[in-house]
Amino acid sequence: METIGTRPLGKTGINTTIVGLGGEGVLRTFGKTGPAKTVISEAVSQGIRYFDSARAYAGSEGYYGSYWPYNKEARNRIFQTSKSASRDYEGAMADLRTTLRTMGVDHLDLWQIHDVRTREDILDIEGPGGALEAFLEAKDQGLIKHIGVTGHHDPAILSYCVDNWPVDTVLLPVNPVEGALGGFLTQTLPIAVEKGIGVIGMKVLGASNYIYEELGATPELLMRYALSQNVSLIIVGCSSPAEVQTLARMGRGFKPMSAEEQEKVVKVFKPFSKQLAYYRGTF
């Protein structure tokens with residue numbers, strides 16, 4: 001089997017697969033341990049090495065906890081992430097303890113400050129007793145290897161975090177809607193690249209809302225568009241082994257889009273871009 005392509009994850013020293021298993025899909029459910037384990041297992045078998053999760057993602061961490069303790073060799077080969085949306089030190093540390101216990105792991109490869117939306121979030125996180133203190137302490141203690149930040153609400157807010165916080169990665173939306181609107185791709189992403197911060201693309205399919213087969217907007221095209229941006233990798237949530245196989249196939253056979261091809265894709269979405277940016281809060 002051809003291996004999935006890899007790219008450097010910023011300055012972390014890690015080369016990760018250009019596609020990762022997102023935390024949506026079957027992983028963001030409760031009571032579906034069997035199907036979730038099948039998706040995780042398929043991702044491992046396909047050679048995907050980046051696995052996404054969050055404290056807020058329903059039963060996601062528990063699904064991983066039903067897999068990694070019984071597949072320790074596989075766990076040692078992959079890059080496991082999770083997130084905390086707590087804004088204070090105590091809450092974040094409690095989240096991390098719960099995450100490690102629930103996942104059945106002794107450390108995270110990447111722990112991310114989750115969904116930063118407002119100036120108030122920033123002040124709480126970076127202020128005295130804020131969550132950022134917990135992230136830095138956890139890294140010093142070896143409970144996590146890298147620190148990240150995520151956001152999809154306001155490009156200016158996320159840009160501040162990338163420019164001012166000691167983060168190794170940023171998770172942001174990468175899709176043709178963002179290509180039309182600007183902000184995350186034209187402001188936040190260049191700051192991250194200049195600082196050597198790994199960029200992870202999310203909202204690639206827009207929770208499947210961007211799939212318009214009759215207009216040629218297939219999952220494959222949307223993933224190819226996202227991978228053609230200056231990102232380290234993209235993550236996509238999957239609900240079946242077949243979807244994992246499609247994701248892995250894109251990672252193996254990826255060919256960058258030309259600027260002209262990208263413009264054509266963006267043109268399809270541009271008239272409806274504000275309505276389709278459902279995850280933003282700035283319109």
Q.
Would you say that more than 12 heavy atoms from the other residues, nucleotides or ligands in this model lie under 6.0 Å from the CD of Q141, or not?
A. yes
Q: Mark yes or no for whether Q80, through its side chain, and F51, through its backbone, hold a donor-acceptor pair below 3.5 Å.
A: yes
**Q.** Test log, rule side-chain contact (heavy atoms from CB on, under 4.5 Å), inputs Y225 and V266
**A.** CA-CA 9 Å; Y225 173 86; V266 171; 3.5 Å; yes
Q | Atom pair OG1/NE2 of T118 and H153 - distance to nearest 0.5 Å | A | 8.0 Å
Q: Answer yes or no: is there a side-chain heavy-atom contact under 4.5 Å between N230 and L189?
A: yes
(Q) Does atom CD (Q275) have a neighbourhood of more than 12 heavy atoms from anything else shown, all under 6.0 Å? (A) yes
(Q) Tell me the closest heavy-atom pair linking A92 and A134, and the distance in Å. (A) CB-CB, 3.8 Å
Q.
Assess, by modelled atom type and distance only, whether the side chains of T99 and E61 contain a donor and an acceptor separated by less than 3.5 Å.
A. yes
Q) Is there a side-chain contact between V116 and I125, using heavy atoms and a 4.5 Å cut-off? A) yes
**Q.** Pair D95 + R97, salt bridge at N-O below 4.0 Å
**A.** no
Q.
Would you compute the distance between atom CD of E42 and atom CD of Q245 and round it to the nearest 0.5 angstrom?
A. 4.5 Å
Q. After noting the C-alpha distance and the side-chain angles of L171 and H114, does the key distance pass the side-chain contact (heavy atoms from CB on, under 4.5 Å) rule?
A. CA-CA 9 Å; L171 175 65; H114 195 185; over 6 Å; no
Q) Between S258 (side chain) and E261 (backbone), is there a donor-acceptor pair under 3.5 Å? A) yes
Q) Does the side chain of I200 reach to within under 4.5 Å of the side chain of V174, using non-hydrogen atoms? A) no
Q) Counting distance only, does the side-chain N/O of S273 pair as donor-acceptor with the main-chain N or O of K270 below 3.5 Å? A) yes
Q: Considering non-hydrogen atoms only, spot the tightest contact between G129 and E133 and give its length.
A: N-OE2, 3.0 Å
Q) Can you name the nearest heavy-atom pair linking C161 to I122, along with the distance? A) SG-CG1, 4.1 Å
Q. Are side-chain N/O atoms of R249 and Q46 paired as donor and acceptor at under 3.5 Å?
A. no
Q) N15 and T6: side-chain donor and acceptor closer than 3.5 Å? A) no
Q. L9 and L233: which non-hydrogen atoms are nearest, and at how many Å?
A. CD1-CD2, 3.9 Å
**Q.** Atom pair OH (Y67) and CE (M103), whose distance is rounded to the nearest 0.5 Å
**A.** 14.0 Å
Q: Look only at the side chain of S82 and the backbone of W111, and say whether a donor-acceptor pair between them is shorter than 3.5 Å.
A: no
Q) Any salt bridge between D168 and K195, counting N to O under 4.0 Å? A) no
Q. What is the minimum heavy-atom distance between V44 and A74, and which atoms define it?
A. CG1-CB, 3.9 Å
Q. Is R119 salt-bridged to D154, going by a charged N under 4.0 Å from an acidic O?
A. no
(Q) Check this for me: does any side-chain nitrogen of one of K203 and E178 sit under 4.0 Å from a carboxylate oxygen of the other? (A) no
Q. Judged by atom type as modelled, is there a donor-acceptor pair below 3.5 Å linking the side chain of N76 to the main-chain atoms of K72?
A. yes
Q: Output the distance between atom OG1 (T188) and atom CG (L158), rounded to the nearest 0.5 Å.
A: 5.0 Å
Q.
Quick check against the 3.5 Å criterion: does S84 have a side-chain atom that pairs as donor or acceptor with the backbone of S86?
A. yes
Q. Would you find a donor on one side and an acceptor on the other, under 3.5 Å apart, between the side chain of S232 and the backbone of P8?
A. yes
(Q) Suppose clustering is done on Ile, Leu, Val, Met, Phe, Trp and Tyr with side-chain heavy atoms closer than 4.5 Å. Which residues sit in the same group as M93? (A) Y89
Q: List for me each residue that meets side-chain hydrogen bond (donor to acceptor under 3.5 Å, both in side chains) alongside D124, sequence neighbours excluded, and say none if there are none.
A: none
Q. Are the charged groups of D52 and K83 less than 4.0 angstrom apart, N to O?
A. yes
Q: Compute whether any side-chain donor of one residue and acceptor of the other, for T33 and S66, lie under 3.5 angstrom apart.
A: no
Q: Classify the ring geometry between W165 and Y160 as parallel (under 30°), tilted (30 to 60°) or perpendicular (over 60°).
A: perpendicular
Q. What is the ring orientation for Y50 with F79, classed by angle as parallel under 30°, tilted 30 to 60°, or perpendicular over 60°?
A. parallel
Q. When you look at M257 and L221, which way does the side-chain contact (heavy atoms from CB on, under 4.5 Å) test go after all the steps?
A. CA-CA 9 Å; M257 281 185 175; L221 179 134; 3.8 Å; yes
Q: Determine the minimum heavy-atom distance between V265 and P176, stating which atoms define it.
A: CG1-CG, 3.5 Å
Q: Test F135 against H146 for ring-ring contact (aromatic ring centres under 6.0 Å, His included), laying out the working first.
A: CA-CA 9 Å; F135 278 76; H146 303 287; over 10 Å; no
Q. In terms of side-chain heavy atoms, does S53 have a donor or acceptor partner in Y63 at a distance below 3.5 Å?
A. no
Q) Do side-chain atoms of T186 reach the backbone of G182 as a donor and acceptor pair under 3.5 angstrom? A) no
Q.
Within this structure, what is the CG-CZ distance for the pair L227 and R7, rounded to the nearest 0.5 Å?
A. 5.5 Å
Q: Could you grab the distance from atom NZ of K139 to atom CG of L110, nearest 0.5 Å is fine?
A: 10.0 Å
Q: Report yes or no: does Y64 contribute a side-chain atom to a donor-acceptor pair with the main-chain N or O of I40 at less than 3.5 Å?
A: no
**Q.** Heavy atoms of other groups near Y278 OH, more than 12 under 6.0 Å
**A.** yes
Q.
Set out, in order, the CA-CA distance, both residues' side-chain angles and the distance that settles side-chain contact (heavy atoms from CB on, under 4.5 Å) for Q112 and V149, then state yes or no.
A. CA-CA 5 Å; Q112 297 156 95; V149 64; over 6 Å; no
